[in-house]
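Structure first, then comments.
Only a predicted model underlies this, so the values are computations on that prediction, with no experimental measurement involved.
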Amino acid sequence: MTTPEPLDKSFNHQAAEARLYQWWEQSGFFKADPDAPGQPFVIVIPPPNVTGNLHMGHALDETLQDILARYHRMIGHNTLWLPGTDHAGIATQNVVERALAAEGSSREALGRDKFVERVWQWKKEYGDNIVRQLRRLGASCDWSRERFTMDEGLSRAVREVFVTLYEQGLIYRGHYITNWCPRCRTALADLEVEHEDHKDQLYYITYPIVGSDLDSLVVATTRPETLFGDTAVAVNPADARYQAFVGQQALVPLTGRAVPVIADSYVDMEFGTGALKVTPAHDPNDYKLGQTHNLPAIRAIEDDGRLSPAAGDYAGLDRFEARREMTAALEAKGYLKKIEPLTHAVGVCYRCKTVVEPNLSPQWFVKTETLAARAAQAVRSGATSFVPQNWENTYFAWMDNIRDWCISRQLWWGHQIPAWHCRECGQTVVSREDQLACPYCGGDLERDPDVLDTWFSSALWPFSTLGWPDQTKDLARYYPTTALVTGHDIIFFWVARMMMMGLHFMGQAPFKTVIIHALVKDAEGRKMSKSKGNVVDPLLVIDRCGADAFRFTLCALAGHGRDIRLSDDRIAGYGKFVNKLWNAAKLVLTNVGEAALTDSPPAPVSLPDRWLQSRLGQVAAQVRAHLDEFYFDRVADTLYHFVWDEFCDWYLELIKPILYGDDLPARSATQAGMLQSLSAILRLLHPVMPFVTEELWQKIPGGPALSPSIMLAAFPGQVFEDRSAEASIGFLMDVTRAVRSARADFGVPLNQKLAPLVKTAEPALAAALAEYSPLLLKLMGAESITLSEAGLAKPLDAALAAFPWGEVWIPLAGHIDLAEEAGRLAKELATLARDIKAATAKLGNPDYVGKAPEEIVEETRDRLAAMETRSQALSRSLDMLKEMGA
RNA sequence: GGGCGGUUAACUCAGCGGCUAGAGUAUCAGCCUUACAAGCUGGGAGUCAAGGGUUCAAAUCCCUUACCGCCCACCA
């Protein structure tokens, strides 16, 4: 790996990203080796739809996974991040159907085989799109293990699972009322139906009682168009108004058909008229009533949403047109009593938002009760846990009230159900091998035309991708996986089902931790959607700001909340951080002299180096802890502030006089120290910002020799600690800031050098100042810094800053406005007095002293003492100023 | 109908029993100090939604209310 030598003015992400990624991938750095040592760390990617384009949700998801994968590689774990894509049944079929429509063709015109062939062709052409886009983010997936939910191996797993569950009685087929999408022409699982509030109308329709010219029942319905499917009118048995009618026949208007009046406590007496028309073929509740009361089911609406031949004159009309026309006819004939507005929830298809039509049809189901009980138990026992934990409640709420899962879809793209129906004897055969003749009667078999719900194959993803049902080395080494990273929108669709299938077929939950991240919203908190036109394309962001800035932003925003508001400002801010890092590295690298990284770095000697390395150790420990607990935002925050506020603002500024000075031994020691620190910083940042850190690593003397890629370098840990160096630097910072602050307060120009006096009773600090004050002169614009035991003995034209460790006097002859300084001191004294009073009162409270933990009380005592010392110094100074006539 | 979140500086958020409630952005003042003006230095800014309670101690725990948002749900 070679990179252009002189360090550019800024990081050229556009040139570097593609070059580095290609090099990583070709070098095999992403590849997992089951034979390698190390505790396994495994993530399977939530497979994006093959039809998809990379959106913000993926970008966040993949970034977090990549951060974890890179971190775990660097701490020596045997890391596998397995990528792949999902065939996305309805979505993909829709895309290809639209393409066909544009050509003036259709799937029906093509026929099933040709159509499926066509989809495969489409997949071949466009299916790599999304995985190419993932690479742009820097995703370190093991591409040699990339899988597709419909590839050969996974298809075998699907078939094995289906047949096994069928044999175990956990899959069954039957005529049930299911959610039907008339546009997609397929059944949907309950989960795939979304509920929207619609403003509709409630129609009151008169049903005359047969054999009576006077008596009639009025039913209230939102769906007059289903009237041709009515097979009863139901009332509550306790309803005095209708008791006389129970058992009689009512005439369904427009049909001339009579239906029984039945009594069932299900009917709500308060709603509408308390009388309900019963349409078992088009309403789940009515279906149940039909079962209990042995009512026939008449389909009034066909699969395409048009009225069936049972609707007589209205047959062939779209259901909503039929509603209008039938309402008009009812009114004309005097059956329509009134219409009331009604707002109610209507089910719509999650893919196309078409109003769902409950429909009676033969479908396949998974019996979920026992599977779900075990899956819930795995989380209750802690075998698997959610982060943040409150999502477990959501998971339980669903698992504990789960209903059977409708898995058959009337689509052509997907895993065709391995079942055959005999044309002769009507038996059904479910089999691992294709069947040619009926094993019962030898008759002709017809394969079940349905395919499986897409989520059925993704439910197997954590083990099917590792080679199951074969007992592969990967499966043995990498199952169960370690962490799953996904959004809360698919906890039910995907996470819950993987839990059920993983436990059932592998005997162990598929992952130890489920990390649920927020959903990415726009800057105003709105969901990003094409129709709103507020979609931000991650690829454009990467082009403009670079993958590193983008990833850092996502990491910084990935707190444990529910949504993330992504704004350009924020990304731009972290873009500046990348630039800051680059420039800091440039400073270090252009001043390294002969220093180079080695296996065994020398211990730091100078105070700045001891301090920085000590802080570095703490930061490394914090970053590790935050990554181990998946607090991504804290990782970003900790690193950002350490690099910018401590490394750049203080450390680099402190060592400049040494680097530019002529004390050669001190200079070379510092050169070694700063290179060491830079190397650690790059490694700490690498999981979040892989590109810029690799680019810089390649330029570090001795870096590539130590580790060809930063990806393979060791993640820093806490190896050095020096509390006294930290205390000394903190003191030097206090002094520096006091002088800067006084300069700003009194408007002293920078070119006028100051000569502050420092008073402290602590010998270690005094010694640090004596030795290192030359490093501070430039930072505060001073010509000298004098240690003075007495502080200022006599009144002087000076500003005072008081600290727990002592005082800084800044003589400002000619600049100081005595009245202003007196005012400043008085203000500070007032706040101090208030705090002292509060602390004194606290310590005077026997309950506080008696009940609060000793260290808390001790802390308050220390604080009070420090405040009193400061207060005394300030009031002394105020007195002096007053003497001078302020 | 059931459940879950949120309400902290102008904006976006962190803090979830104990340092003087923090950060980024924005803002104000002063600086081209040879890594970086994509920068440096200094400053201002908050009744922690409202009310009540528990506690020595509450932004943090409990209750009530208000307003936002999300999820689940077969009352036509």
Nucleotide opposite [N] in a Watson-Crick or G-U pair, distances under 3.5 Å:
N: B:C19; value: none
N: B:A14; value: none
N: B:C70; value: B:G3
N: B:A59; value: none
N: B:U27; value: B:G43
N: B:A49; value: B:U65
N: B:U34; value: none

Give one of base, sugar-phosphate or nothing for [X], where a contact means two heavy atoms less than 4.0 Å apart.
X: A:Arg223; value: nothing
X: A:Asn591; value: nothing
X: A:Arg834; value: nothing
X: A:Asp835; value: nothing
X: A:Tyr287; value: nothing
X: A:Pro846; value: nothing
X: A:Ala220; value: base
X: A:Val267; value: base
X: A:Tyr574; value: nothing

Of the candidate nucleotides [options], which contains the atom at the shortest distance from the side chain of [X]?
X: A:Asn579; options: B:A76, B:A14, B:A38; value: B:A38
X: A:Asp637; options: B:A35, B:G42, B:A23; value: B:A23
X: A:Arg737; options: B:G42, B:U25, B:U20; value: B:G42
X: A:Arg570; options: B:U12, B:A35, B:C56; value: B:U12
X: A:Lys586; options: B:U12, B:C75, B:A35; value: B:A35
X: A:Glu653; options: B:C75, B:U12, B:C36; value: B:C36
X: A:Arg565; options: B:A38, B:A35, B:U12; value: B:U12
X: A:Ala852; options: B:C75, B:G24, B:C56; value: B:C56
X: A:Leu652; options: B:C56, B:C72, B:A35; value: B:A35
X: A:Thr221; options: B:A76, B:A14, B:G39; value: B:A76

Taking the [atom1] atom of each, how far is [N] from [M], in whole Å?
N: B:C16; M: B:A76; atom1: P; value: 44 Å
N: B:C63; M: B:A45; atom1: C1'; value: 34 Å
N: B:U54; M: B:C70; atom1: C1'; value: 31 Å
N: B:G15; M: B:C61; atom1: P; value: 12 Å
N: B:C40; M: B:U33; atom1: P; value: 14 Å
N: B:U25; M: B:A35; atom1: C1'; value: 24 Å
N: B:C11; M: B:G46; atom1: C1'; value: 14 Å
N: B:G51; M: B:U8; atom1: P; value: 15 Å

Both A:Leu342 and A:Asp190 contact RNA chain B. Which one's nearest nucleotide lies toward the 5' end?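 Result of the comparison: A:Asp190.
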
Quiz item: A:Thr222 or A:Tyr640: which one's nearest nucleotide on RNA chain B is closer to the 5' end?
Solution: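 In this pair, the answer is A:Tyr640.
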
What is the distance from [atom1] of [X] to [atom2] of [N], rounded to the nearest Å?
X: A:Leu750; N: B:C40; atom1: CG; atom2: C1'; answer: 10 Å
X: A:Met867; N: B:U20; atom1: CE; atom2: P; answer: 8 Å
X: A:Gln622; N: B:A14; atom1: CD; atom2: P; answer: 19 Å
X: A:Lys656; N: B:C36; atom1: NZ; atom2: P; answer: 8 Å
X: A:Glu859; N: B:G18; atom1: CD; atom2: P; answer: 11 Å
X: A:Lys288; N: B:C75; atom1: NZ; atom2: P; answer: 10 Å
X: A:Lys842; N: B:A57; atom1: NZ; atom2: C1'; answer: 6 Å
X: A:Glu854; N: B:G18; atom1: CD; atom2: C1'; answer: 14 Å

Original post:
Do any side-chain nitrogens or oxygens of A:Arg740 fall under 4.0 Å of OP1 or OP2 in B:G42?
Top reply: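 The answer is yes; a side-chain N or O of A:Arg740 sits under 4.0 Å from OP1 or OP2.
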
*Between A:Phe11 and A:Trp582, is the gap from one ring center to the other below 6.0 Å?*
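Here the rings of A:Trp582 and A:Phe11 have centres that are less than 6.0 Å from each other.
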
Exercise. Mind checking whether A:Trp644 and A:Tyr640 have ring centres under 6.0 Å apart?
Worked result: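 Ring centroids of A:Trp644 and A:Tyr640 are less than 6.0 Å from each other.
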
Keeping [X] on the side-chain end and [Y] on the backbone end, is there a donor-acceptor pair under 3.5 Å?
X: A:Asp404; Y: A:Thr368; value: yes
X: A:Arg743; Y: A:Gly781; value: yes
X: A:Arg861; Y: A:Leu843; value: no
X: A:Thr221; Y: A:Arg223; value: yes
X: A:Arg323; Y: A:Glu225; value: no
X: A:Asp283; Y: A:Thr279; value: no

*asked:* Using side-chain hydrogen bond (donor to acceptor under 3.5 Å, both in side chains), reason through A:Tyr207 and A:Asp230 one step at a time and then give a plain yes or no.
replied: CA-CA 11 Å; A:Tyr207 283 48; A:Asp230 287 359; 2.5 Å; yes

Please determine whether any donor N or O and acceptor N or O are separated by less than 3.5 Å between the side chain of A:Glu270 and the base of B:A76.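 Checked by distance alone, the answer is no.
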
| said: I'd like to know if A:Lys9 reaches the base of B:A38 with its side chain such that a donor and an acceptor end up less than 3.5 angstrom apart. | reply: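 There is none.
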
Check whether any side-chain heavy atom of A:Val267 sits under 4.5 Å from a side-chain heavy atom of A:Asp239, and report yes or no.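 They are not in contact (no side-chain heavy atoms under 4.5 Å apart), so the answer is no.
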
